[in-house]
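Below you'll find the structure, written out as structure tokens, and then a few comments.
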2 protein chains.
Amino acid sequence: MSEYFDKSPRSCQECQCMSPLFCLLNPEELNYVDANKIHVEFKAGETIKKQGTFMSHVLSVNNGLAKVYIEGLDGRLAILRIVKATSFIGGPGIYFDQRHHYSITALTDASVCFINLQVFKDVLKGNHTFAEEFLKDFSRDVLAVYNRLIYLTQKQMPGRMADALLYLYDEIFKQVKFPMILSRFELAELSAMSRESAVKILRDFHREGLVKISDHEIVILDVDALRKISRVG
Amino acid sequence: MSEYFDKSPRSCQECQCMSPLFCLLNPEELNYVDANKIHVEFKAGETIKKQGTFMSHVLSVNNGLAKVYIEGLDGRLAILRIVKATSFIGGPGIYFDQRHHYSITALTDASVCFINLQVFKDVLKGNHTFAEEFLKDFSRDVLAVYNRLIYLTQKQMPGRMADALLYLYDEIFKQVKFPMILSRFELAELSAMSRESAVKILRDFHREGLVKISDHEIVILDVDALRKISRVG
DNA sequence: ACGCAAAATTGACATATATCAATGTTTGAC
DNA sequence: GTCAAACATTGATATATGTCAATTTTGCGT
């Protein structure tokens, strides 16, 4: 029961897990956000947001990891990116049509704040530094999608899988040994190939001594070789 | 010689070719933009902006058609979209790193205004309606890239080519008979396949009576069948 | 009208990739 | 601990797609 009450919202003022974006708010603005946010804990595997639904709130991931993905044709998923704490998640729906254009699912237990969209827009309207930083964040995400578009359409499978692994290394964990938060199938969804192809490529990487996968852990043994495969395509 | 002088900038106030975005400016703001813009005429085939260069200005296409494309791996191009009059072209570089992240080349003779980036930002800062509409525009572009990501990675070649043709019909010309502004090679770049594959698919479409291509013109004979191919993938 | 260069076309072939079916392995619920 | 369900693996095979090389067509400058 005490656990239940632990889940009650902390105030934003004392929160150490806030997305850096919100550090640009003055106390008054932060109060306004604080009064209009909801804090929710998710278990690994739970859906945080479903593509297509009305965007009543924007999100801030305070803790844990989640996958952001588009539900494409015939239910096939395309994982866009992995988000870690602390990240703001908005998306093109904020100003376009107030809908979520991707789904988000927790990969680990995760703690997420939902900030009322209108309140977010109000604050954005009144604080130009905040608005610029938001735009910068958004633009960075857009650029990442451009890059994915290129490498998913112009590289072959080994290059795409190398990119997926290097992405986890460079952007998410920043160390060569990290937990396998994604199943083979999800790695396939991240690199736009079939599950079986993903398995085969990973086996090849393993045989060539580039990576070691065991016990829910992956170790990248030869970063340079992976980068070369990524480059060659 | 008189032609040379025709190219001198008209004032934005009397311009009928302005991107709708700029209609949201008040006279004072429009004057400010007018005083800080450059108007240039391009011939078909000329490069309007080159990916990677410093973004000193944002663009407004007043007349003509242009292709917006990313220069990917080994010089392979991915055409993102076709722009027609009247369109604003900014991109993620505005707020991220002040660089152009795609190249733009004129497909027909084209008339383009270059608006000083700082001036654009100033106006955006001071006019919230303008800012919101800009964001809406930007978000629409982003969504289009999401869709491209899905259909380029999850559809097979016939579906992708059908999408390319339907894009020209639905978004650009809005009639089933339109000039072939894109070469076969460029159609291939728009649908992420090799030039030869594009030729073969188009031949198939032609044999099946879906399209007719001749004399620099394309006629879509069976829109519904194309839509079906697009759906099936 | 001529001839050159670029673009388009073709079919044969090589390669990349998905699919299928069968099997093995892990995980979590009871 | 057992069982079922999900996940992972494998090799065989089918399909999609790219590449190559040869040829034809088109566009354009003189």
Side-chain angles (χ1 to χ4, degrees), chain A residues 43-46 67 72-79 105 107-109 151-164 179-207 211-218 229 232-233, chain B residues 43-45 67 72-79 105 107-108 151-164 179-207 211-218 229 232-233:
Chain A
K43 296 258 172 249
E46 288 182 328
K67 61 175 176 178
L73 312 169
D74 312 311
R76 286 169 67 188
L77 310 185
I79 297 183
T105 294
L107 292 171
T108 64
D109 291 358
Y151 88 59
L152 291 181
T153 57
Q154 300 193 347
K155 285 186 187 183
Q156 302 191 169
M157 293 197 301
R160 303 207 299 271
M161 182 56 77
D163 281 332
M180 269 292 270
I181 48 164
L182 298 177
S183 68
R184 311 305 164 101
F185 191 23
E186 287 170 318
L187 279 176
E189 291 171 336
L190 184 59
S191 44
M193 63 183 72
S194 74
R195 167 191 16 202
E196 292 94 332
S197 293
V199 168
K200 285 165 191 173
I201 303 263
L202 285 171
R203 173 185 29 152
D204 292 347
F205 283 1
H206 183 263
R207 281 183 186 162
V211 301
K212 189 158 86 69
I213 307 180
S214 54
D215 299 331
H216 300 247
E217 255 188 14
I218 186 163
I229 290 173
V232 172
Chain B
K43 294 258 174 250
K67 60 175 175 177
L73 312 170
D74 313 312
R76 285 169 68 189
L77 310 185
I79 297 182
T105 294
L107 292 170
T108 65
Y151 88 60
L152 291 181
T153 57
Q154 301 193 347
K155 285 186 189 184
Q156 304 192 165
M157 293 197 300
R160 303 206 300 271
M161 182 57 77
D163 281 333
M180 269 293 270
I181 48 164
L182 298 176
S183 69
R184 309 306 164 102
F185 191 22
E186 286 170 318
L187 279 176
E189 291 170 338
L190 184 58
S191 44
M193 63 184 72
S194 73
R195 166 190 14 197
E196 291 95 332
S197 293
V199 169
K200 287 167 193 174
I201 304 265
L202 286 171
R203 175 189 22 154
D204 292 345
F205 284 1
H206 183 262
R207 282 183 185 161
V211 301
K212 189 158 85 72
I213 308 178
S214 54
D215 300 329
H216 299 246
E217 256 188 12
I218 186 163
I229 290 172
V232 173

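Computed from a prediction, not measured in an experiment: that's the story for all the values here. Below, chains carry the letters A, B, ... as their sequence lines are ordered, and counting in each starts from 1.
For B:Ser194, the side-chain atoms get nearest to D:dT19 when compared with the rest of D:dT19, C:dA8, C:dT10. Comparing C:dG11, C:dT17, C:dC20 by their nearest atom to the side chain of A:Glu196 picks out C:dC20. Out of C:dA18, C:dA8, D:dT19, the shortest distance to the side chain of A:Met193 is found at C:dA18. In the set C:dA18, D:dC20, C:dA8, C:dA18 carries the atom at the smallest distance from any side-chain atom of A:Lys200.
At least one side-chain heavy atom of B:Leu187 sits less than 4.5 Å from a side-chain heavy atom of B:Met180.
Rounded to an integer number of Å, the gap from B:Glu186 CD to C:dA7 P is 9 Å. Atom CZ of B:Arg76 is separated from atom C1' of D:dT17 by 11 Å (rounded to the nearest Å). Rounded to whole Å, atom P of C:dT19 lies 11 Å from atom CE of A:Met157. Straight-line distance from the CD atom of B:Gln156 to the C1' atom of C:dT19: 11 Å, rounded to whole Å. Between the CD1 atom of A:Ile213 and the C1' atom of D:dT9 there is a distance of 13 Å, rounded to whole Å. Protein atom CD of B:Glu189 is 11 Å distant from nucleotide atom P of C:dA8, rounded to whole Å. As rounded to whole Å, 19 Å separates atom C1' of D:dT15 from atom NZ of B:Lys155. Rounded to an integer number of Å, the gap from A:Met161 CE to D:dA8 P is 11 Å.
Residue contacts shown for A:Ser183 are limited to sugar-phosphate atoms, with no base heavy atom under 4.0 Å away. A:His216 comes within contact range of the sugar-phosphate backbone alone, with a heavy-atom separation under 4.0 Å but no base atom that close.
Remark: A:Arg203 is in phosphate contact with D:dG11, judged by side-chain N or O atoms under 4.0 Å from OP1 or OP2. Between B:Arg195 and the phosphate of C:dA7, there is no side-chain N or O to OP1/OP2 separation shorter than 4.0 Å. Taking 4.0 angstrom as the limit, B:Arg184 places none of its side-chain polar atoms (N or O) nearer than this to OP1 or OP2 of D:dT25.
Note that CD1 of A:Ile181 and OG1 of A:Thr108 are 8.0 Å apart. Values are rounded to the nearest 0.5 Å. Taken from OG1 in A:Thr153 to CD in B:Glu189, the straight-line distance is 11.5 Å, to the nearest 0.5 Å. Going from atom CD1 of B:Ile229 over to atom CG of B:Asp204 covers 9.0 Å, rounded to the nearest 0.5 Å.
In this structure a side-chain-to-backbone donor-acceptor pair under 3.5 Å is present from A:Asp109 to A:Ala44.
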